[in-house]
Each structure stands twice: as structure tokens, then as C-alpha cells.
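Data block below; observations after.
This structure is a prediction, so every number in the text was calculated from the model and none was measured. Both backbone and side-chain heavy atoms feed into the values below; hydrogens, waters and symmetry mates do not. Reminder, nothing fancy here: chain letters follow the sequence lines and each chain counts from 1.
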2 protein chains.
Amino acid sequence: MELVRNTISRYVQFTEPQWQQVLSVWRERPFAKGEVITAAGDVEHWFSIVKEGTQRLFFEHDGNEACIGFSYGESWSGIFDSFVQQRPSRFVLQAVSPSVLVSVRHDDLQRLYERIPAMERFGRLILEELVVGRATREIEQLTLSAQQRYDRLMARSPQLMQLVAQKDIASYLGMSPETLSRLRAKK
Amino acid sequence: MELVRNTISRYVQFTEPQWQQVLSVWRERPFAKGEVITAAGDVEHWFSIVKEGTQRLFFEHDGNEACIGFSYGESWSGIFDSFVQQRPSRFVLQAVSPSVLVSVRHDDLQRLYERIPAMERFGRLILEELVVGRATREIEQLTLSAQQRYDRLMARSPQLMQLVAQKDIASYLGMSPETLSRLRAKK
DNA sequence: TTAGCCGCTTGACCTGCATCAAGAAAGTTC
DNA sequence: GAACTTTCTTGATGCAGGTCAAGCGGCTAA
């Protein structure tokens, strides 16, 4: 549980007895390569920190997939809108490589919110991060060309090309796999 | 301050002394038609409830504007990513019609967060709404054609056509004004 | 090792929407 | 209410990037 403690303590501090309560409800969940972690139509019960592996979040529509995001390193993972509303997910979360998530259940998190005011703050701070991240992505999708979006992603997360299939990156960038392939070929 | 009390009480409840504290920091801010409420490069100091009028949020890039959202009715208004980070805004918030916002300053809100745990919860719940709304918009931008996006908007917010310029709606839907005009013309 | 899949590349073609342009309509200002 | 500005419409043209198709190369599994 060192991972959880280190990660959370970047946001809020607890007393030692509070830490015991907080840490006690997290558990490790392993997933095989390709395994669906949360399916479309299911309610997302978990909020997770990535311990190992890479995951992708995507939306399925008439046979196509639109990739919305990736999680890896020590980032957050989960289907956040389904999680906060506790309503069926429109997205799929899938392990791209063998993965271990360290996760807390929605109901356990609500109990922590009730008991520990600083936990409520943690929830708020995480959501603030998500809002900022989404705003940035929206600007980039709206104002940059395919080429510029690719350049921007490579500048920010070059390691992503090694972690996930090129077609998923293409989808994430809002272009066809062929277009991304051609962008990479020239120059 | 009835508006503020009614709006907030849809999310959390306070004791009467807490309500006094909470309500005391909100103030009305009037804006003329066309007035810029928060400019790009400025830090957004306010989180607001719309009392009157319509506002638009947009991003400027090499002479063009990309409209990101509107606020009207009794919705929230403000530049949320700049507000939560207290960093310069990439967006502009502008009054489309004569407007009155009822607003709380960032530092006053932080003080309320410190003093009233239920206020922290209010902040969290608002952010949850924002995250869900952004996820829905992202799905629609990614998976629907120009025609479908227009139909969807008309089904959900038909009154918007009366409130703002057609070119801003076009921009919000991610298409040129000419394309929207043609969509509306046919059938 | 080999057979079978995917995923990646490359080429040819196509199309939805942007851009440019110009006139009509509507809104704003004094 | 006349002059000006801005927005909306409609037509003509262009192009970025999508779609279809075929060959290749590299994992995966028995």
C-alpha cells in the first residue's frame, strides 16, 4: 500500500489513524493482456491507481472504436463519469498489457468521504485535475490539424508509441490509422 | 441571495449559521451586452451562477474563435479550469446579452472549504457534473456527423438558437457557419 | 517451426466539409 | 430612419483526410 500512500499524500495529509482507515479499503486487482476491466453497460465500481501495465478507455459505435484515453505509469484509471454517477458506462476499459490496478470501491470511498473531511478534499482535487485535462484535450482537438495533434502528443508522451497499438493512438488523435501512418512516414 | 440558496441546496444542506457564512460571500455582477467577463490571459477569480442573460466561452486561435460552451438559465458560469488552478485562462468568457452573474471569489470559496466540510462536498459534486458533461460532449464530437450533432443539440436545447448567434452555435458544433446554414436549409 | 492473425504501410480514389465570394437580411448607432 | 456593421444565405471550388484494397511483416500459439 506504499503506492497508495505516496500517491494520495501528494494531495492531502491524514493523521495516522485516518491513514489506517484510508489504506485498509484499497486492494490490488490483476488483469491479463487484453482483458476487459469494465465493460460498456456495467457500472464502474472502482477508482484505481495504475501499479503496472497500460490500459485504454474507448467508446464503441457501430463496429468502430473511438479511443478516449490511456492510463499507465502511476496515473489514475477507471471510467470516471460512470463511477461518480454510479450509472452504466458508455465506455470500455481494457488492459492493453498485463496490468495491476490498486483500487477502491465506490461505496468504501463514500464512507471515507463521510468520516474524513480531508478525503472529500482529495476527491475534489482529483476531479479538478480531470477537468483541467479535459479542457486541454478539447482545445487541441478543436484547433489543431492532424499533423499538429500528432506532434503535440509525441512531444508530451513519446513513450506512448511503445505502449499501445498505433491504431489506438490514431483513434485517440481523431484520425484513421492510415492517416497516422502517412504522417509518421513523411520527413 | 435566494437564487444562491436554492441552487446550492440542491446539492448539500447547511445549518442556518453556516448558510449565513456561505451566502455572505456571494455578490451580483452585471455585464453589458458584448462585454468581456474574463479575458484570455487573466486568472478567473469567480465562480458564478447565471441570474440573467446568456454567456459564451470561447478559445481564440490565429484570428478564429472556437466556441466551447454557453451558460444561461440558472446554470453555472465561469472558466473552470483557470478557476481551480488559479492560472491564466486560455479562454474568453463574454456576455452575449445583458447579464447578471451571482459570484463567489476563489479565495472566499477556499475559506468556506476550510470552515465547512459540507462545502467541500459541494465543490466535489459540481466538479463531478462537469466531468460527466465533458465526457458526453466528447463522445458526441467524436462519433456523430455534423448533421447528427446539430439534431442532437436541437433536441436537447432548442432555445439556444434564440439566445446566441448562429455562427457561435456552428463553432460550438465544430463546423463552419456555412455548413450549419446549409444543414438548416435542407428539409 | 510453421500457420494464421492482426496491425502496419502504401496506393488509388472519393467525399464531407472548409474556404472564398457576393448579395440579402437583420441588427446597431447616432 | 438612414448609414453602417454584422450575420446569414447560397453558389462555386478545393482539399484534408476518410475509405477501400492489396501486400507485407511480426506476434502468437500449438
- What nucleic acid atoms does A/G34 come within less than 4.0 Å of, heavy atoms only: base, sugar-phosphate, or nothing?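 It contacts nothing in the nucleic acid.
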
Whole-Å distance separating the [atom1] atom of [X] from the [atom2] atom of [N]:
X      : N      : atom1 : atom2 : result
B/E35  : C/dT28 : CD    : C1'   : 18 Å
B/L144 : C/dG16 : CG    : C1'   : 15 Å
B/Q162 : C/dA26 : CD    : C1'   : 15 Å
B/Y150 : C/dG16 : OH    : C1'   : 18 Å
A/L183 : C/dC8  : CG    : C1'   : 14 Å
A/L142 : C/dA18 : CG    : C1'   : 15 Å
B/N64  : C/dA18 : CG    : C1'   : 11 Å
B/M175 : D/dC8  : CE    : C1'   : 15 Å

Is it the case that atom [atom1] in [X] sees more than 12 heavy atoms from other parts of the structure closer than 6.0 Å?
X     : atom1 : value
A/R27 : CZ    : no
B/R87 : CZ    : no
A/R5  : CZ    : yes

- How far does CE of A/M154 sit from CG of A/L183, to the nearest 0.5 angstrom?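 Answer rounded to 0.5 Å: 11.0 Å.
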
- Is the closest side-chain donor-acceptor distance between A/S89 and A/E44 under 3.5 Å?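 Their side chains do not contain a donor-acceptor pair, so the 3.5 Å distance test is not met.
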
- Basic-acidic side-chain contact under 4.0 Å: B/R156, B/E140: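 Answer for the salt bridge query: yes.
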
- Message: Please tell me if B/K33 has a side-chain N or O lying less than 4.0 Å from either OP1 or OP2 of C/dG27.
- Response: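 It does not, given that no N or O in the side chain of B/K33 lies less than 4.0 Å from OP1 or OP2 of C/dG27.
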
- Message: At less than 4.0 Å, is any side-chain N or O atom of A/K167 found next to OP1 or OP2 of C/dC6? Yes or no.
- Response: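 Result: no.
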
Could you list the protein-to-nucleotides 9-16 of chain D atom pairs, N/O on both sides, closer than 3.5 Å?
{"unit_1": "D/dT9", "atom_1": "OP2", "unit_2": "B/Q166", "atom_2": "NE2", "d": "2.5"}
{"unit_1": "D/dT9", "atom_1": "OP2", "unit_2": "B/S181", "atom_2": "OG", "d": "2.9"}
{"unit_1": "D/dT9", "atom_1": "O5'", "unit_2": "B/S181", "atom_2": "OG", "d": "3.2"}
{"unit_1": "D/dG11", "atom_1": "N7", "unit_2": "B/R182", "atom_2": "NH1", "d": "2.9"}
{"unit_1": "D/dG11", "atom_1": "O6", "unit_2": "B/R182", "atom_2": "NH2", "d": "3.4"}

- Message: Between B/F70 and B/Y172 (judged by ring centroids, cut-off 6.0 Å), do the two rings come close enough to count as a pair?
- Response: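 Yes, ring centres under 6.0 Å apart.
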
